[in-house]
Amino acid sequence: MDGASSIGPWVPVAASEDVVPRHVFQGKLSGQELAIWRADDGYVNVWENRCLHRGVRLSIGVNTGTELVCQYHGWRYANRNAGCTYIPAHPADAPPRTICNRTYPVHEANGLIWTHLGDAGDAAPESLPEEPLVLRAVPLNAAPADVSAALEGFAPDEGMAHRGGLFFSDGISSLQLYVQPMDAGQSVIRGYVTGPLAAQGLALLRRLNTALTAFARQAEAEARAKPAPAPIPPVYGRVSAELAEMPEMTAGPGKIRVTVAAKTMVAEGIVSLELRPLRGVLPAFQPGAHIDVALPNGLVRQYSLVNGPGETDRYIIGVKREAQSAGGSLAIHDHLKAGDLLAISEPRNNFPLRRNAEETIFLAGGIGVTPMLAMAAAMAGDGQNCRLHYFAAGPDHLAFAERLAALGERLTSHLGLDPAGTTAALKAILSDPGPARQVYVCGPGPMLDAARSIAAEQGWPESAVHFEYFRNTHQIDDSSSFEIALARSAVTLQVPAGKSILQVLRENGVAMASSCGQGACGTCRVKVLEGIPDHQDVYLNNTERAANTTIMTCVSRAKSDRLVLDI
Amino acid sequence: MADSLPDPFMLNQWYPVSALQDVQERPRSTVLMGETLSYQRKDRACRVHGADGRALPVIEQYACLWTTLGQPEGGLFPIPEYAEADRRNLAAGSIGVNVAAQRGIENFLDMGHFPYVHTGILGELPHTEVKEYNVELREGGREIVATECLFYQPRASTVSTAGADVEYVYRVPHPTCSVLYKSSPMDARRLDVIALFIQPVGPEKFRGHMVLSILDDVSTDDFISYFQLHIFGQDKPILENQMPKRLPLDPRAETPIRADKTAIMYRRWLAQNGVTYGTIPAAA
């Protein structure tokens, strides 16, 4: 960072007591404003005090306990990783994961919140064996270096003598002071008392506050005699060139190493995995997002994140045991254990959740409940009107009981229904589209097909029905051959029978993100400028298919001799 | 400071300095781009004098008194509706805000904040979507126009009880003035006009003058004025918490989304016209 020259080691910027639940504390360090807030899980966030969208101070925003919401346009930023989870102006889009607020390192110790703006060489301050008595902060208009120098002559009048630095002691009790450099001409004196003297509590705090205030008035008088230093100009980091151009969402190849922190049976035949990062912070995700998991047996599988808002210290996935599968679920169920390491992708969201409906219905079949749990938790946490209908074989098959219980009356379970019963239930649930209702469906293919056709019959517009298939069960016909022209790179390539568009692109050096490889997840979606696609995916809805403006390059092909793609 | 001197494009514009109804015989003072001016009504005409006593050019139009510190080409941009005989034209209030004038214009062009900042009036949760709209340069590049802007409003008009999408058209014919058109509750075939004329007081401070030309023979002037000031009073604390206070013209300074198309066009247009006053130009 540019301002790094003026930056020292870890500095206290707030008292722990300042950072109370559901509040945002405004701080400042070396000219840089900070938004400091504590999430309900106790984690303290120290962020640049500025929404990335239009520069509004986040300290006037709302701390929901899991996210910080900007006052201006309601952009939501997650606890811990500071990633943007929702942009209300575009409810149907998933925000690019790379919209991330600037965060600063955080350390909470001895009743103070510590941070630094650069790469502090020093270790973070150690916690004392006993929580000390924290002083009331004393702000003053004087240069930090002058304040530090003058404080060495401070006489606490408690029988304590200066013992070097800003440390004062009577041999048993001690007073440690710190100077927080707010700006070139602004400082805050912070500190704490340890030892038997601390037991005096408020009376001692009052005496020290009186003494430090008198010291501050004297230091300010001396500062006024000097020319006022120019304020340190704040550094406003630039966003990436990509974000400035409002790109389509693309997937990063980044592999993240995680450890299986817990493996728990959460229903008949379903385990949940709690994945924690080996180091650092996990990337931001939105409800509906999935990750690719590289399994020890070489297979790569996609799993939806179950996480609710603000659950940013881990990823939770649910895996159903499927005996007839290629071995992905068996590798997890039978061989993976707590403590094992896995490589996963960054979360991708091809199933974004709109939050601008007056009522939202979630339809989950079996293991299809996983993204629905994340979505319902996000909406319920925000007090929005939603309902989860969970279709399962029986009570033992209802997964993630605690999360279901948290939904309270928003949950309706439909147990042990046969296909006819399921159809009847879906008809009843989807009886009235209403002007401002949205429905999200995830579950086995037959249930999805039924829900989609029932919704269409009962007058639901396609734009209000959102779905995610686990897999594409259709037979892919790859017998055609055709030409693809890449409009942006002015390259023409031939796609022979037996090869996908995606394969041909990759063989010719075009970096393409993909995930499921079977036209179910939407990751490899590309814009079509000319030509008629032969859609073989299960990702696009009928309107999107008929529009012929996008294609899933992993399975779909061309009906025309030529396709012009926006690559 | 060199950057508090107006660039030629900003200098050579007409600016509002007062609502006409607030101009009296006794001189009053105001600040335009750092210069203290005095204005008064004398022999039924408005006069404006600069800090050194020189007489400045004057236009009395759109319920405001306008002057300039430069040499504008021609007069003010047209608002043809203002001349329609059955319209109610009024200055609905002036309000000071500690941020650059251009930040004020951008806020006026922005629909996405309605449900969050003007909750229950111009928007309402969960209706947050900014639908696709058109924006283009017209009048030979002298004016930005955004059309087909739809936004959900809880009470689309005084007579309706249900919410509905309301259509807006925005014009930006001047670097610190914008005019919006919105379907009239009184006559669905005609549009109400709401204009924001901004007086840059300094590079990081403005006074906004709100002027209306509407089809309304029911509401009192005080009611209309209260309503407009109430809305602007909701914007003021948000605007004053924007950092930096000047409008950054570097496309990578902030994060635009599709809803911000008009603002993106506005920033480009300011950059193309070499505007440095009230802005942070992109590094060359």
Side-chain angles (χ1 to χ4, degrees), chain A residues 26 32-33 48-62 69-75 84 86-93 95-96 98-101 233-246 354-360 379 382-386 435-436 438, chain B residues 1 99-100 103 106-107 109-119 123-133 149 151-152 154 162-165 234-235 237-261 263-264 267-268 280 282-283:
Chain A
Q26 181 175 335
Q32 203 76 24
E33 277 195 24
E48 182 179 353
N49 189 18
R50 197 171 158 264
C51 176
L52 292 169
H53 177 219
R54 281 294 175 259
V56 168
R57 284 194 174 91
L58 289 170
S59 54
I60 66 167
V62 178
V69 183
C70 179
Q71 282 285 14
Y72 199 6
H73 298 95
W75 286 30
C84 179
Y86 190 58
I87 296 177
H90 298 305
D93 294 6
T98 40
I99 299 186
C100 232
N101 264 309
V235 178
Y236 299 123
R238 301 174 84 203
V239 302
S240 67
E242 258 189 353
L243 283 184
E245 290 189 0
M246 297 179 282
R354 302 178 71 107
R355 304 189 207 182
N356 64 334
E358 285 176 2
E359 187 182 348
T360 304
M379 293 199 89
D382 204 23
Q384 286 195 279
N385 187 11
C386 67
Q438 299 277 327
Chain B
M1 268 168 75
V99 77
R103 289 272 199 198
E106 241 188 41
N107 179 67
L109 300 173
D110 178 74
M111 291 180 285
H113 75 287
F114 289 171
Y116 293 94
V117 180
H118 309 298
T119 317
E124 188 174 59
L125 292 173
H127 305 282
T128 55
E129 181 165 25
V130 177
K131 298 171 187 76
E132 294 293 327
Y133 60 88
C149 307
F151 204 82
Y152 178 95
D165 278 347
Q234 294 176 323
D235 288 316
I238 298 286
L239 286 166
E240 293 185 338
N241 276 292
Q242 276 186 300
M243 298 191 300
K245 285 187 173 294
R246 300 179 197 211
L247 185 73
L249 300 184
D250 177 353
R252 286 175 55 187
E254 293 177 350
T255 312
I257 55 173
R258 290 197 312 284
D260 301 322
K261 265 159 67 173
I264 294 163
R267 290 186 187 196
R268 275 191 204 141
I280 303 168

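We name chains A, B, ... by the order of the sequence lines, and we start the count at 1 in each one. Every heavy atom of this structure was used, including side-chain atoms; hydrogens, water molecules and symmetry mates were not.
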Will you find, in the side chains of Tyr152(B) and Asn356(A), an N or O donor that is under 3.5 Å from an N or O acceptor?
-> no

Between His90(A) and Ala259(B), is there a donor-acceptor pair closer than 3.5 Å when you use the side chain of the first and the backbone of the second?
-> yes

Side-chain ion pair, Arg54(A) and Asp110(B), N-O less than 4.0 Å | no

Begin with the C-alpha distance, continue with both residues' side-chain angles, and end with the deciding distance and a verdict on side chain to side chain donor-acceptor pair (under 3.5 Å) for Asn107(B) and Tyr72(A).
-> CA-CA 10 Å; Asn107(B) 179 67; Tyr72(A) 199 6; 2.6 Å; yes

Against chain A, label Asp235(B) side chain, backbone, both or neither, depending on which of its atoms sit under 4.5 Å from a heavy atom there.
-> neither

With the side chain counted from C-beta on, respond yes when His53(A) and Ile257(B) share a heavy-atom pair under 4.5 Å apart, and no when they do not.
-> yes

Kindly say whether Ala89(A) contributes a backbone atom to a donor-acceptor pair with the side chain of Thr128(B) at under 3.5 angstrom?
-> no

Side-chain heavy-atom pair Pro244(B), Arg50(A) within 4.5 angstrom cut-off | yes

If one checks every heavy atom of Tyr236(A) against chain B at 4.5 Å, the contacting part turns out to be side chain

Side chain, backbone, both or neither: which part of Ile60(A) has a heavy atom under 4.5 Å from chain B?
-> side chain

Give a yes or no on this: more than 12 heavy atoms of other residues, nucleotides or ligands lie within 6.0 Å of atom CZ of Arg268(B).
-> no

Is a side-chain donor or acceptor of Arg57(A) paired with a backbone partner of Met243(B) at a separation under 3.5 angstrom?
-> no

Just by modelled atom types, is the Val239(A) backbone N or O under 3.5 Å from a matching donor or acceptor in the Arg252(B) side chain?
-> yes

Flag the one option from Pro88(A), Ser59(A), Ala436(A) with the top tally of heavy-atom pairs under 4.5 Å to chain B.
-> Pro88(A)

Which region of Ala357(A), side chain (C-beta onward) or backbone (N, CA, C, O), has a non-hydrogen atom less than 4.5 Å from a non-hydrogen atom of chain B, or is it both or neither?
-> backbone

Greatest number of non-hydrogen atom pairs under 4.5 angstrom with chain A, of Glu106(B), Glu129(B), Lys131(B), Glu240(B), falls to Glu129(B)

By a 4.5 Å heavy-atom criterion (distance strictly below it), what part of Pro115(B) contacts chain A: side chain, backbone, both, or neither?
-> neither

Relative to chain B, which segment of Glu358(A) carries a heavy atom at a distance below 4.5 Å: side chain, backbone, both, or neither?
-> both

